[in-house]
Amino acid sequence: ALHGSARYASAVSYITNHDKIVSPVDTKYFIDNQFVDSKTTEWIDLHDPATNNLVTRVPQSTDGELNAVVDSAAKAFPGWKATSLLARQQVMFRFVALIRENWDRLAASITLEQGKTFADAKGDVLRGLQVAETACGITTQLTGEVLEVAKDMETRSYREPLGIVSAICPFNFPAMIPLWCIPLATVTGNCLILKPSERDPGAAMILAELAKEAGLPEGVLNIVHGAAKTVNFIIDEPRIKAISFVGSDKAGKYIYTRGSEQGKRVQANLGAKNHACVMPDANRNATVNALVGAAFGAAGQRCMALSALVLVGEAQEWLSDVVEQAKKLKVNAGFEEGADLGPVISKHSKERIESLIQSAVDDGATLPLDGRGYKPEKYPNGNFIAPTIISSVKPHMKCYTEEIFGPVLVCMNVDTLEDAIDLINANKYGNGVAIFTNSGATAAKFQRDIEAGQVGINTPIPVPLPMFSFTGNKGSIAGQGGNYFYGKSGLNFYTQLKTVTALWRSSDAISTKASTAMPT
Ligand code: NAD
């Protein structure tokens, strides 16, 4: 029953603090609409990034479990494919409603496991929810084409599901990225095997529960866990037809190459270095606030985080304002009132970010704001780094060539707009970029000449809403791209075209001999 008490019981009893969990419960896997204890002997400990207390153990799914989810999906596919589009749409309507009802619960799971602030975690859920909401319009989105190609003859095209598809997700958006995949993959008639990040699978598990409650039949969505071993299984399993991957360059290039070799359709979004180009004619106050929010929100762990600032001409004087605004941000555990940014995901990540900051100093850059060593009073054991600003950065420095993925903004000075465009285009990545200016002509030149796939004008983090697609470019995608997430491109990814050409002669044509020539 949609409004059964069980759901409300679970929806109200969730953790909203960073207290030590007395008896952590192991994460289960999800098969045939059941949550099942793994038989594995290999567990991955998951710690609250604010305290490093144990939250749960995540199983490395066993070979038997991995095979079982594929069997389950294979069994479910024919029935799900045959389910009417209107019935699949009804499931999506209910899924959307349930995500809204469980919004806080999903966000709390994200704050606990991933570390971002509760307000930011709600945004993580919302941006995924919007993909599900847009998928509710599937009845107009999935139409094919029809043309009368000759007398009494017509060709029509259909969009059919691929079969079993898979998603391999990163840690930084535990709800949004699974929701880039679940709605579109399933509403188009596929069965989806999803592997959340082993570092924060909780939100995906709640989404599975909600999908079941929304009426998704057994086997249409299954969830497995683990790291490289699970990914290799997905790549090698011939019954899995497609892989959606979001994550780092290293894993993404590997998955793209090996998955493509196996004949799979692969979409892969990778790392980024997102630049803001600031012109001196921009609105100073609004620009500085936008820069600081986009650089340090989510502790810089967004693929669209603003990580490189290019100050043009007199705008170079604005750096001091950026530093002052960044100092005002409150760094604290995600459930704490007023926290602007939380910890980074792991101790290892903190060490890596701090060593990249040190490399900048060693390379001769300056550090107008150094957030290393910051510890919120109540959380001395968390993976905290306060906002850090590196200036006088040169393109060859490691802090610029590598994605830092932390609350660190690298700043560079150039003289002209052309210099800024050349500098940004020379970077290997091409995810997002933004220009701040009050000149339409400057913005027009920038948008035309810049090579990044997602351009913001007076707005940072220009992530397109789901009626468009997420259009990263250059080194921020694997292969030549084209297989963008969500939007029309996302629908293409999860469907294959079938064309049917039919001849229905009304007259009784009499032919005495078969023709062997190609029809003209
Ligand atoms: P990650 O590559 O470490 O992990 C992503 C997924 O790949 C996980 O499910 C993980 O289990 C798996 N994986 C990791 N190493 C693997 C290996 N060697 N072999 C096989 N599988 C492996 O990425 P992450 O740290 O979770 O996420 C952060 C990265 O994701 C950043 O680089 C960020 O820019 C990127 N990202 C990109 C986008 C985008 O749309 N471009 C969005 C979000 C995150």
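Computed from heavy atoms alone, side chains included, the values below leave out hydrogens, waters and symmetry copies. We count ligands from 1, going down the list as the structure has it; atoms in each ligand are counted the same way. Along the sequence shown, residues carry numbers from 1.
Within ligand 1, the atoms closer than 4.0 Å to a non-hydrogen atom of V231 are 20 (C), 21 (N), numbered from 1 in the order shown. Proximity to I168 (heavy-atom distance under 4.0 Å) selects the following atoms of ligand 1: 6 (C), 7 (O), 9 (O). Below 4.0 Å from some heavy atom of P170 lie the following atoms of ligand 1, by number and element: 5 (C), 26 (O), 27 (O). If you number the atoms of ligand 1 from 1 as listed, the ones under 4.0 Å from a heavy atom of A228 come out as 19 (N), 20 (C). Short contacts between ligand 1 and F245, defined as distances under 4.0 Å to a heavy atom of the residue, involve ligand atoms 2 (O), 5 (C), 6 (C), 7 (O). For ligand 1, the atoms closer than 4.0 angstrom to any heavy atom of A251 are 2 (O), 13 (N), 14 (C), 15 (N), 16 (C), 22 (C). Near W180, the atoms of ligand 1 lying under 4.0 angstrom from a non-hydrogen atom of the residue are 40 (O). Heavy-atom contacts of N172 reach the following atoms of ligand 1: 43 (C), 44 (C) (cutoff under 4.0 Å).
Residues F470 and M304 have side chains in contact (heavy-atom distance under 4.5 Å, counting atoms from C-beta outward). Put simply, the side chain of L270 does not reach to within 4.5 Å of the side chain of Y256, judged on heavy atoms. Contact check for D104 versus F118: side-chain heavy atoms found under the 4.5 Å cut-off.
Counting heavy atoms closer than 4.0 Å to ligand 1, residue F485 contributes nothing at all. Neither the backbone nor the side chain of Q301 has any atom closer than 4.0 Å to an atom of ligand 1 (non-hydrogen atoms only). Of the heavy atoms in N431, only side-chain atoms (C-beta onward) come closer than 4.0 Å to ligand 1. Only side-chain heavy atoms of F405 come within less than 4.0 Å of ligand 1; its backbone N, CA, C and O stay farther off. Here E403 has side-chain heavy atoms under 4.0 Å from ligand 1, and that is the only part of it that gets that close. Heavy atoms of Y429 found under 4.0 angstrom from ligand 1: none, in either backbone or side chain.
Protein heavy atoms all stay at least 4.0 Å away from atom 18 (N) of ligand 1. Using a 4.0 Å threshold on non-hydrogen atoms, atom 32 (O) of ligand 1 counts as touching the protein.
When all heavy atoms are compared, the tightest approach of P407 to L341 is CB-CD1, 4.0 Å. Here the closest heavy-atom approach between residue L112 and residue V55 is recorded as CD2-CG1, 3.7 Å.
Using cut-offs of 30° and 60° on the angle between ring planes, the pair H18 and Y379 is perpendicular. Taking the six-membered ring for Trp and thresholds of 30 and 60 degrees, F485 and W180 have ring planes inclined between 30 and 60 degrees apart.
Remark: the backbone N or O of L98 is paired with a side-chain donor or acceptor of N102 at under 3.5 angstrom. A side-chain donor-acceptor contact under 3.5 Å links R265 to the backbone of F493.
The shortest N/O to N/O separation between L270 and ligand 1 falls below 3.5 Å.
Residues E351 and K347 are not paired through a salt bridge, judged by the lack of any N-O separation under 4.0 Å between the basic side chain and the carboxylate. A salt bridge is absent between E42 and R57: the closest approach of a Lys/Arg side-chain nitrogen to an acidic carboxylate oxygen does not fall below 4.0 angstrom. Under the 4.0 Å criterion applied to side-chain N and carboxylate O atoms, E237 and K264 are not assigned as salt-bridge partners.
Of the listed options S346, S248, G247, S248 places a heavy atom closest to atom 2 (O) of ligand 1. With atom 24 (P) of ligand 1 as the reference point, the heavy atom nearest to it among F173, F171, Y254 is part of F171.
Put simply, part of F470 is less than 4.0 Å from ligand 1, judged by heavy atoms.
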